[in-house]
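Residue indices begin at 1 and follow the sequence shown.
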Amino acid sequence: MTEILRLISSYRTRRPARASPLLDALFRQLARCAPDEATPTEERIWDVWMHYPHHAAAHELDLATSDIAARRYDIAETRLTVLLRRAPDFAEAWHKRAALHYLLGRDDECMRDIRRTLELEPRHFGAMLHFAEILRSARAAAEARFAVQTARSIHPHLALPADNP
């Protein structure tokens with residue numbers, strides 16, 4: 001947990017593993033856009049995150065995402081594990097597997113994958129929010145607030161449930 005909090009607190013000083021001028025521009029836009037522009041900008045960020053230079057890897061991630069949506073969790077996990085062996089620098093694949101582990105209640109594995117996601121993509125507000133959910137479950141409210149506040153510093157227009165900070 002401490003390692004993930006350190007990664008979150010240092011996100012401004014670290015660079016993503018895969019440089020993307022487009023993604024950098026989208027994050028700048030997200031930080032200063034009007035609320036009505038936030039959703040399309042966020043969607044473009046997710047599109048860039050889902051992309052990978054090797055189209056087969058991006059296709060596998062799409063399939064795993066569909067498997068998760070269809071609750072074919074065992075297939076999704078196998079698909080993501082194989083994908084991560086082939087593309088260990090694919091931050092969004094790590095995040096999808098973290099989300100899957102979260103759904104399955106496997107918090108330790110989820111946190112390992114969140115840590116890797118944030119190592120590869122320091123601005124990954126989705127991974128920060130997943131981590132905040134785990135912290136809330138562990139009754140670590142101050143740490144959860146910190147993770148949410150940091151995610152909001154990256155994405156000021158994040159839509160969160162009313163009871164979240």
Side-chain angles (χ1 to χ4, degrees), residues 1-18 20 23-24 26-33 35 38-39 41-50 61 64-65 67-69 71-74 76-81 83-85 87-165:
M1 177 169 57
T2 304
E3 177 66 16
I4 297 171
L5 289 168
R6 186 189 63 74
L7 288 169
I8 290 172
S9 69
S10 67
Y11 86 89
R12 283 187 174 99
T13 63
R14 294 181 301 106
R15 295 290 304 152
R18 288 191 304 136
S20 169
L23 197 54
D24 293 343
L26 288 169
F27 274 107
R28 285 191 299 275
Q29 180 179 340
L30 186 63
R32 68 178 191 276
C33 72
T39 298
T41 303
E42 178 185 339
E43 288 171 358
R44 290 188 64 206
I45 289 170
W46 284 105
D47 288 344
V48 173
W49 280 342
M50 291 289 290
L61 184 59
T65 302
D67 290 332
I68 293 169
R71 297 182 180 195
R72 293 187 299 262
Y73 299 141
D74 55 338
E77 184 171 17
T78 299
R79 197 181 299 276
L80 288 166
T81 300
L83 171 59
L84 288 167
R85 281 189 203 123
D89 64 338
F90 195 174
E92 189 54 27
W94 287 101
H95 179 247
K96 288 291 189 241
R97 195 170 75 171
L100 174 62
H101 289 152
Y102 179 79
L103 287 171
L104 297 173
R106 293 163 38 192
D107 290 352
D108 289 342
E109 291 167 276
C110 176
M111 288 197 304
R112 277 195 298 273
D113 288 353
I114 286 171
R115 186 189 75 234
R116 189 64 183 137
T117 302
L118 292 170
E119 287 169 350
L120 295 168
E121 175 47 81
R123 304 164 294 191
H124 204 297
F125 50 83
M128 292 178 192
L129 293 179
H130 277 132
F131 183 57
E133 287 301 315
I134 292 170
L135 292 169
R136 278 190 199 91
S137 296
R139 305 250 189 262
E143 292 87 348
R145 273 193 303 281
F146 171 74
V148 170
Q149 289 167 349
T150 305
R152 275 204 168 133
S153 74
I154 296 165
H155 184 341
H157 305 286
L158 273 174
L160 301 172
D163 63 332
N164 285 342

Trainee: Rounded to the nearest 0.5 Å, how far apart are CG of Leu7 and CE of Met128?
Mentor: 9.0 Å
Trainee: Search all heavy atoms of Ala64 against all heavy atoms of Ala76 and return the closest pair with its distance.
Mentor: O-CB, 3.8 Å
Trainee: Taking all atoms of both residues into account, what is the closest heavy-atom pair of Met111 and Ile4, and its distance?
Mentor: O-CD1, 3.3 Å
Trainee: Which residues pass the side chain to side chain donor-acceptor pair (under 3.5 Å) test with Tyr11, sequence neighbours left out?
Mentor: Ser153
Trainee: Apply side chain to side chain donor-acceptor pair (under 3.5 Å) to Arg106 and list each qualifying residue two or more places apart in sequence or on a separate chain.
Mentor: Glu77, His101, Glu109
Trainee: Atom CD in Glu121, atom CG in Asp89: separation rounded to 0.5 Å?
Mentor: 12.0 Å
Trainee: How long is the span from the CG atom in Asp67 to the OH atom in Tyr73, to the nearest 0.5 Å?
Mentor: 11.0 Å
Trainee: Can you give me the closest heavy-atom contact between Leu135 and Ala144, atom names plus distance?
Mentor: CD1-N, 3.6 Å
Trainee: Do you know which two heavy atoms are closest between Leu129 and Ala151, and how far apart they sit?
Mentor: CD2-CB, 4.0 Å
Trainee: Which residues pass the salt bridge (charged side-chain N to carboxylate O under 4.0 Å, His left out) test with Arg6, not counting sequence neighbours?
Mentor: Glu3
Trainee: Test of understanding: with side-chain contact (heavy atoms from CB on, under 4.5 Å), list the residues that count as partners of Met50, not counting sequence neighbours.
Mentor: Leu61, Asp62, Thr65, Glu92, Lys96
Trainee: Indicate yes or no for a side-chain donor-acceptor contact from Trp94 to the backbone of Pro88 under 3.5 Å, with no hydrogens or angles considered.
Mentor: yes
Trainee: Work out which heavy atom in Cys33 is nearest to a heavy atom in His157; give both atom names and the distance.
Mentor: O-NE2, 2.8 Å
Trainee: Residues in side-chain contact (heavy atoms from CB on, under 4.5 Å) with Ser20, at least two apart?
Mentor: Leu22, Leu23, Val48
Trainee: To the closest 0.5 Å, what do you measure between CZ (Arg79) and CG (Leu84)?
Mentor: 13.0 Å
Trainee: Just to verify, what does Asp24 make a salt bridge (charged side-chain N to carboxylate O under 4.0 Å, His left out) with, not counting sequence neighbours?
Mentor: Arg15, Arg123
Trainee: Tell me every residue that passes side chain to side chain donor-acceptor pair (under 3.5 Å) with Thr81, counting only those two or more places apart in sequence or in another chain.
Mentor: Arg97
Trainee: Quick one: ring-ring contact (aromatic ring centres under 6.0 Å, His included) partners of Phe125, sequence neighbours excluded?
Mentor: Trp46, Trp49, His155
Trainee: Identify, with sequence neighbours excluded, every residue that meets salt bridge (charged side-chain N to carboxylate O under 4.0 Å, His left out) alongside Arg112.
Mentor: none
Trainee: List in chain and number order the residues that pass side-chain contact (heavy atoms from CB on, under 4.5 Å) with Ala31, two or more places apart in sequence or in another chain; answer none if no residue qualifies.
Mentor: none
Trainee: Please identify each residue that fulfils side-chain contact (heavy atoms from CB on, under 4.5 Å) with Ala127, with sequence neighbours left out.
Mentor: His95, Ile114, Thr117, Leu118, His124
Trainee: List for me each residue that meets side chain to side chain donor-acceptor pair (under 3.5 Å) alongside Thr150, sequence neighbours excluded, and say none if there are none.
Mentor: none
Trainee: Run the side chain to side chain contact (heavy atoms under 4.5 Å, CB included) test on Leu100 and Asp113 for me, step by step, so that the C-alpha distance in whole Å, both residues' side-chain angles and the decisive distance to 0.1 Å come before the verdict.
Mentor: CA-CA 10 Å; Leu100 174 62; Asp113 288 353; over 6 Å; no
Trainee: I need the minimum non-hydrogen distance between Pro122 and Ile154, along with the two atoms involved.
Mentor: O-CD1, 4.4 Å
Trainee: What's the separation between atom CG in Leu30 and atom CD1 in Ile45, rounded to the nearest 0.5 Å?
Mentor: 4.5 Å
Trainee: Measure the CZ-CG distance between Arg115 and Leu120 for me, rounded to the nearest 0.5 Å.
Mentor: 10.5 Å
